[in-house]
Amino acid sequence: MEQIHDIDLSYRPATYWPEALTQEQLISRISGKVRQDIAREILQTEGFPGLTPFLAREELPEDEKQAWGRIHPDLMGGEYLPPLLDGEVEIAHVSLASTTSDQISIRARREDDVIIYRIVNEYEEEGFVYQPLFDRSDEPLTLGELVRLLDGSEIQGDIFSGGVIRAHWEQCIEFDPDVDAALQFVSAHSCFYPQLADYYEGVGEEWRKKHETHDEEEWD
């Protein structure tokens, strides 16, 4: 695990189930990424009265998903994630700048005195299932432990390694050597870990330097 300047990898949220949810925690329960973004903007300008049932609904019925996707493919991002289980919350998610804006969700639920984790995506029915590095803990993860989970979990049989985020960077440059485009293709967010995005931006810069150095050595 890389130590990025000013990132507190020891940070641990007190709980994933606070008595009062923050605005971002409420928004994270909406499956669709675009609906999340629209809901966030409305909440900031109009408050809860401005939200429509369509925007606020956690899961859309199939007919509404299809109608929504016909407007533009990237509106589908997140809409086909598996539904949250009873008592389950999203602790982080990864967004891909693909045609359909695919989303990956990292989730936690309580089972007796243990917290159970899973990583889900929108293609599990096609066999693309993440095998988590570990799937339980006695207390909420530190940021460093979350990073270890993200970097150590793989889709079984995937030829690209490096975890949930780096594997997509590596996949991108396999087909296009544009490092900047690869970094822009993947973004990480969390309503429980404020520094998660900053951490991977720092890791991305280190990854960029390694690839630029490698390219320069090939030209020498």
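Any value given below was found using the heavy atoms of this structure, including those in side chains, with hydrogens, waters and symmetry copies removed.
Atom OH of Tyr16 is separated from atom CD of Glu139 by 9.5 Å, given to the nearest 0.5 angstrom. Atom CD of residue Gln171 and atom CD1 of residue Ile159 lie 7.5 Å apart, to the nearest 0.5 angstrom. The distance from the CD atom of Glu88 to the CD1 atom of Ile116 is 10.5 Å, given to the nearest 0.5 Å. With values rounded to the nearest 0.5 angstrom, Ile106 atom CD1 is found 11.0 Å from Leu141 atom CG. Going from atom CG of Asp198 over to atom CG of Asp8 covers 12.5 Å, rounded to the nearest 0.5 Å. Rounded to the nearest 0.5 angstrom, Glu64 CD and Glu59 CD are separated by 12.0 Å.
Checking side-chain atoms of Arg107 against main-chain N and O of Arg118 turns up no donor-acceptor pair under 3.5 Å. Ser31 places a side-chain N or O within donor-acceptor distance of the main-chain N or O of Glu58, the cut-off being under 3.5 Å. Not a single donor-acceptor pair under 3.5 Å links the side chain of Trp169 to the backbone N or O of Val186. Under the 3.5 Å distance criterion, the side-chain polar atoms of Gln25 are matched with a main-chain donor or acceptor of Thr22. Judged by distance alone, with hydrogens and angles left aside, the side-chain atoms of Asn121 form a donor-acceptor pair with the main-chain N or O of Phe128 at under 3.5 Å. Checking side-chain atoms of Ser190 against main-chain N and O of Ile91 turns up a donor-acceptor pair under 3.5 Å.
Around CG of Asp63, the count of heavy atoms belonging to other residues, nucleotides or ligands within 6.0 Å exceeds 12. Residue Asp113 qualifies as open at atom CG: its count of foreign heavy atoms under 6.0 Å is 12 or below. Within 6.0 Å of atom CD in Glu46, more than 12 heavy atoms from other residues, nucleotides or ligands are found, so the atom counts as buried in its surroundings. Shown here is Gln131, whose CD atom has more than 12 heavy atoms of other residues, nucleotides or ligands within 6.0 Å.
The only member of Glu41, Arg40, Arg35 that meets side-chain contact (heavy atoms from CB on, under 4.5 Å) when paired with Asp37 is Arg40.
A donor-acceptor contact closer than 3.5 angstrom is absent between the side chains of Asp158 and Tyr130. Tyr80 and Glu62 share a donor-acceptor pair across their side chains, judged by distance under 3.5 Å alone. The closest side-chain donor-acceptor pair between Trp207 and Glu170 falls under 3.5 angstrom.
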Step-by-step side-chain contact (heavy atoms from CB on, under 4.5 Å) determination, Gln195 to Tyr11 = CA-CA 9 Å; Gln195 290 191 304; Tyr11 170 78; 5.5 Å; no
Step by step, would you call Tyr193 with Tyr199 a side-chain contact (heavy atoms from CB on, under 4.5 Å)?
-> CA-CA 10 Å; Tyr193 297 88; Tyr199 174 81; over 6 Å; no
Evaluation steps, side-chain contact (heavy atoms from CB on, under 4.5 Å), between Phe134 and Ser153 | CA-CA 8 Å; Phe134 57 87; Ser153 300; over 6 Å; no
Can Glu122 and Thr100 be said to form a side-chain contact (heavy atoms from CB on, under 4.5 Å), step by step?
-> CA-CA 10 Å; Glu122 301 185 77; Thr100 52; over 6 Å; no
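Note on Arg136 versus Glu111: no salt bridge recorded, every NZ/NE/NH1/NH2 to OD/OE distance being 4.0 Å or above. One finds a salt bridge joining Arg208 and Glu205 here, because a Lys/Arg side-chain nitrogen approaches an Asp/Glu carboxylate oxygen to under 4.0 Å.
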